[in-house]
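One structure is given below, encoded as structure tokens.
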Amino acid sequence: MQKVFNPDEYEKKWREIWEEEQLYNTDNPIHSEKEKYYCLDMFPYPSGKGLHVGHWSGYVLSDVWSRYKMLHGYNVLHPMGWDNFGLPAETDAINRGIHPTISTKANIENIRRQLKEIGTVYDWSKELNTSSPEYYKWTQWIFLKMFKRGLAYQKEQPVNWCNHCKVVLANEEVEGGKCERCGGTDIEKRMLKQWMLKITEYAERLLNDLDKLDWSEKVKEMQRNWIGKSIGAKVKFTAIQNDGNKQEIEVFTTRPDTLFGATFMVLAPEYPLLDKLVTPEKSDEVKLYVKKSGLMSNVDRQKTDKEKTGVFTGAYAINPVNGKKVPIWISDYVLMDYGTGAIMAVPAHDERDFAFAKKFNIDIIEVIKSENSIYDNDGNLAQAYTGDGVFVNSEYLNGLSVEDAKKKVIENLKEQNKGEGTVNYKLRDWIFARQRYWGEPIPVIHCKHCGIVPVPEEQLPVTLPMVESYKPTDDGKSPLSAISDWVKTKCPVCGQPAERETDTMPQWAGSSWYFLRYPSVSHKGSDKAFALENDLKEWLPVDMYVGGIEHAVLHLLYSRFWTKVLYDEGLIDFDEPFQRLFNQGMICRTAYRCHQCNKWVPTAEVDFHGEEPHCPTCSQVLDTSMEKMSKSKGNVVNPDDLVNEYCTDALRMYELFAGDATADSEWNDDGIKACWNLLKKAWNFVTTTKLEEKASAEALKPLHILIKNIDNRINLFKFNTAISAIMEFMNTVSQIKSGFSKEYMETFLVTISPFAPHFAEELWRDFLSHEKSIFLERFPAFDKKLIAEDSAEIAVQINGKIKARFMADINADKNTLIKLAKELAQIKPLLEGKTIVKEIAVPKKLVNIVVK
RNA sequence: GCCGCUGUGGUGGAAUAGGCAGACACAAGGGACUUAAAAUCCCUCGGAGGUUAAACUCCGUACCGGUUCAAGUCCGGUCAGCGGCACCA
């Protein structure tokens with residue numbers, strides 16, 4: 001009787017059996033002899049929206065990779081968990097009026113169901129959740145390690161405060177002046193005392209170690225940019241205060257060579273000792289400017305195209321190289337949190353200083369001459385010249401090049417104790433506190449007598465109290481501060497009444513080390529943060545990390561930092577968490593926007609009458625654009641619907657087939673049909689072909705080509721062409737009438753099983769009556785001899801244009817090929833009366849005859 | 001502005017190491033089967049010319065130029081798009 005293709009029936013069945021058999025549990029004894037392999041997905045934060053087909057693609061990809069590794073005999077750890085703490089979950093809870101402990105639980109259940117429907121190999125026995133006390137106990141423990149190493153400290157400083165989210169933002173969370181969370185621009189600088197992590201201490205290592213990682217250049221470059229190393233010098237100027245005393249002002253510059261061209265100095269408006277410098281007659285003007293720039297939003301202040309503003313302080317400083325008096329100005333183009341908050345201004349050779357000097361009529365002294373400098377009609381510099389050249393007006397530097405002048409001036413400054421060579425980074429310390437409820441409490445106690453005291457390790461975790469009201473406040477205080485029962489405690493050192501820290505950790509805390517936790521999750525008896533025991537230790541570091549590019553700086557930089565700290569603590573024996581990183585592209589789909597109503601129109605609601613899409617409310621023709629899938633743009637495709645209409649395996653295959661895995665790809669609603677048809681064809685092929693004792697050479701050839709192609713292409717992460725290899729195979733074998741065997745079908749099923757696991761398992765165990773899972777098989781090796789061709793088609797070109805083709809023996813040498821080509825009926829006449837200039841032959845490919 | 005990446009049919013995309021551009025699909029058109037539709041199967045499918053039909057000829061991988069017997073691929077320049085950084089001294 002013919003076996004009917006009915007995925008609805010078998011897909012669910014196999015998922016349940018796999019789970020019952022604990023097939024993917026790495027502790028299952030059937031895997032005990034195997035080499036370990038750790039393939040990790042970036043874990044999701046459980047939002048209420050569920051997964052769309054764009055999210056699926058990354059999970060399918062890592063699943064194919066994991067299954068492929070299993071078939072190569074590895075014990076594959078492929079875990080999943082929930083990044084549950086943090087703003088997304090809290091915002092979702094507030095919007096729905098449900099406590100986050102409850103709302104996230106429901107969200108997790110929905111996403112877990114969806115992930116299971118993908119047919120993934122997750123080892124659910126190792127599921128973790130960053131908001132569970134047994135997990136965040138260790139997040140707090142790591143924090144205390146940092147605190148004890150002096151890497152966590154409190155500092156009062158101006159910080160980015162998002163008025164919409166009512167929370168402090170780390171520098172990494174401000175993207176182009178906008179809040180990374182809400183996309184809003186209502187961000188102001190507030191003076192707040194904050195917990196900080198000294199990531200800057202690791203800047204150099206975070207930069208250098210990028211070289212040893214197997215990551216895309218793009219992500220590495222983004223991290224390099226973010227760390228932003230600049231090599232330059234610190235130079236000490238001496239300023240005269242308004243009380244007549246001297247004050248040293250240090251500047252950072254990447255161009256110490258141009259020091260003789262410094263004609264003024266600029267301080268950031270927030271510069272600490274400004275009051276002592278400003279002269280009485282300038283005092284009001286300066287105060288007004290400082291106030292104004294303090295009120296300006298980040299976005300406005302950072303606009304590069306805006307005109308320079310500034311105020312003269314009335315004070316002067318002495319240039320250490322030539323004793324010249326230069327005026328001290330303040331301006332908002334100098335930032336307090338980079339370098340020293342003060343610069344020496346060299347208008348002739350810096351564009352910003354040039355613009356400033358032009359506007360306020362300050363001297364411009366050229367110290368580098370070059371034929372590339374541009375002058376106006378009066379012979380003055382028309383713009384700053386920043387290139388190389390020959391030094392002038394610079395005493396002992398005259399005649400030197402930029403490189404030599406830098407060296408010499410630094411030497412000189414150092415001798416006179418007026419400065420030294422130094423390095424600066426754009427990277428700032430990580431603001432590590434949030435004034436929010438839904439996060440890990442920072443485990444310290446404030447005691448009037450003993451200062452800041454860490455909570456003793458044996459008292460961890462400091463649990464987050466269950467409260468009714470967890471909404472954020474406007475005053476920058478954590479909702480926890482209102483819970484006096486919780487806040488009031490005793491100092492662990494002196495026993496006197498003391499108060500708990502009420503800020504919580506940022507969203508990124510839990511995800512900074514979760515990959516270390518997975519291997520030991522089901523070993524709960526071990527009272528350790530992460531696997532140090534021999535058998536667990538071997539899992540780490542992560543072999544393959546798969547996720548979106550959106551975490552290129554934030555999560556991936558933070559994780560690298562924490563890993564290095566834990567390495568320095570001697571807790572782990574590696575200092576990079578993710579050896580190999582794969583960033584999948586995003587899936588895009590047409591989105592419709594009505595410029596009249598000024599909103600996105602969900603695809604399902606678009607009125608498609610006539611040729612063009614119309615707005616359902618105002619009937620305007622809609623603007624269309626290709627956008628990454630998102631609920632807010634209304635262009636998501638729900639995988640649940642496609643699984644119902646087709647099947648999981650078809651959707652898995654189409655996600656891969658749609659395009660290059662690294663690139664963004666476009667969702668085509670009809671595309672899945674191709675994969676659905678492919679499965680149907682393959683099903684009929686396996687179930688209806690008449691089998692013989694032994695497979696024929698004719699039949700084996702396409703099979704071994706398939707094995708070779710799949711193997712190569714999975715290794716190169718070329719999943720789209722791996723799927724087309726299966727299509728090509730089906731097209732070829734449909735022309736072959738006989739010569740197939742049972743063994744043949746078995747090999748075929750193993751080869752395609754990473755892509756269509758349910759399909760392969762059903763035919764393997766049910767149709768071909770195997771006891772054990774197909775995923776305990778070995779991926780077949782291809783046989784070169786079976787693929788080998790005995791002849792090849794040779795293209796014949798005259799002057800590079802194809803004129804004929806012929807079949808030749810695969811081993812024919814160059815001379816034979818040329819000889820055969822010249823005798824061809826189509827070629828012979830073309831050579832008559834011509835002089836042959838050159839003859840080129842490429843075995844197995846072509847012959848090119850150059851004639852005159 | 002600086003840095004990085006990408007430009008291939010109507011569409012998504014193929015093309016080891018410079019060697020037959022457009023694999024594999026989607027859409028479209030035509031045909032078969034069918035009372036009909038769906039499903040399935042077969043054919044056509046970059047452009048221009050050419051022929052009853054073929055053969056055949058020319059052009060064609062954003063644009064301009066170069067290297068080479070040979071360029072989607074290498075080099076130089078231009079344009080466009082995407083991403084990152086951006087008053088970082």
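Under the Watson-Crick and G-U wobble criteria, each requiring two contacts below 3.5 Å, nucleotide B:G4 is paired to B:C82.
A distance of 11.0 Å separates NZ of A:K718 from OG of A:S724, quoted to the nearest 0.5 Å.
Side-chain nitrogen and oxygen atoms of A:N720 include at least one within less than 4.0 Å of the OP1 or OP2 phosphate oxygen of B:A14. Under 4.0 angstrom from either OP1 or OP2 of B:U40 there lies at least one side-chain N or O belonging to A:K680. An OP1 or OP2 oxygen of B:U57 is reached within less than 4.0 angstrom by a side-chain nitrogen or oxygen of A:K803. Side-chain N/O atoms of A:K801 include one lying less than 4.0 angstrom from OP1 or OP2 on B:C59. Using a 4.0 Å cut-off, some side-chain N or O of A:K838 falls inside it from OP1 or OP2 of B:C69.
Of the candidates B:C24, B:A70, B:C87, the closest approach to any side-chain atom of A:M727 belongs to B:C24. Comparing B:C3, B:C26, B:A89 by their nearest atom to the side chain of A:N677 picks out B:C26. Side-chain atoms of A:E666 lie closest to B:U11 of the nucleotides B:U11, B:A25, B:G84. Of the candidates B:G19, B:A14, B:U11, the closest approach to any side-chain atom of A:Q797 belongs to B:G19. Listed candidates were B:C3, B:A89, B:C24. Nearest to the side chain of A:F252 is B:A89. With B:C24, B:A89, B:C69 as the candidates, the nucleotide lying closest to the side chain of A:S724 is B:C24.
Position along RNA chain B of the nearest nucleotide to A:Y338 versus A:K218 favours A:K218 as the more 5'-ward residue. Residue A:N668 is the one, among A:R428 and A:N668, whose nearest nucleotide of RNA chain B lies closer to the 5' end (criterion: closest heavy atom).
Ring pair A:W329/A:F360 is tilted by interplanar angle, where 30° to 60° counts as tilted. The aromatic rings of A:F748 and A:F729 sit parallel, their planes meeting at an angle under 30°, below the 60° perpendicular limit. Classification of the A:F356-A:Y333 ring pair by plane angle, with boundaries at 30° and 60°, yields tilted.
Protein atom CG of A:D664 is 13 Å distant from nucleotide atom P of B:G12, rounded to whole Å. The distance from atom OH of A:Y333 to atom C1' of B:C87 is 8 Å, rounded to the nearest whole Å. Atom CD1 in A:I723 sits roughly 18 Å away from atom P in B:A23 (whole-Å rounding). Rounded to an integer number of Å, the gap from A:D350 CG to B:C87 C1' is 9 Å. The CZ-P distance, from A:R224 to B:G83, rounds to 22 Å in whole Å.
Side-chain atoms of A:K673 and base atoms of B:C26 include no donor and acceptor less than 3.5 Å apart. Residue side chain A:N225 does not reach the base of B:C85 through any donor-acceptor N/O pair under 3.5 Å, judged by distance alone.
Taking A:N644 as the reference, nothing meets the side-chain hydrogen bond (donor to acceptor under 3.5 Å, both in side chains) condition, with sequence neighbours excluded.
A syn orientation is assigned to B:G9, its glycosidic angle lying within 90° of 0.
Figure legend: A:K426 and A:Y338 shown without cation-pi pairing, the cationic atom not lying both under 6.0 angstrom from the six-membered ring centre and within 45 degrees of its axis.
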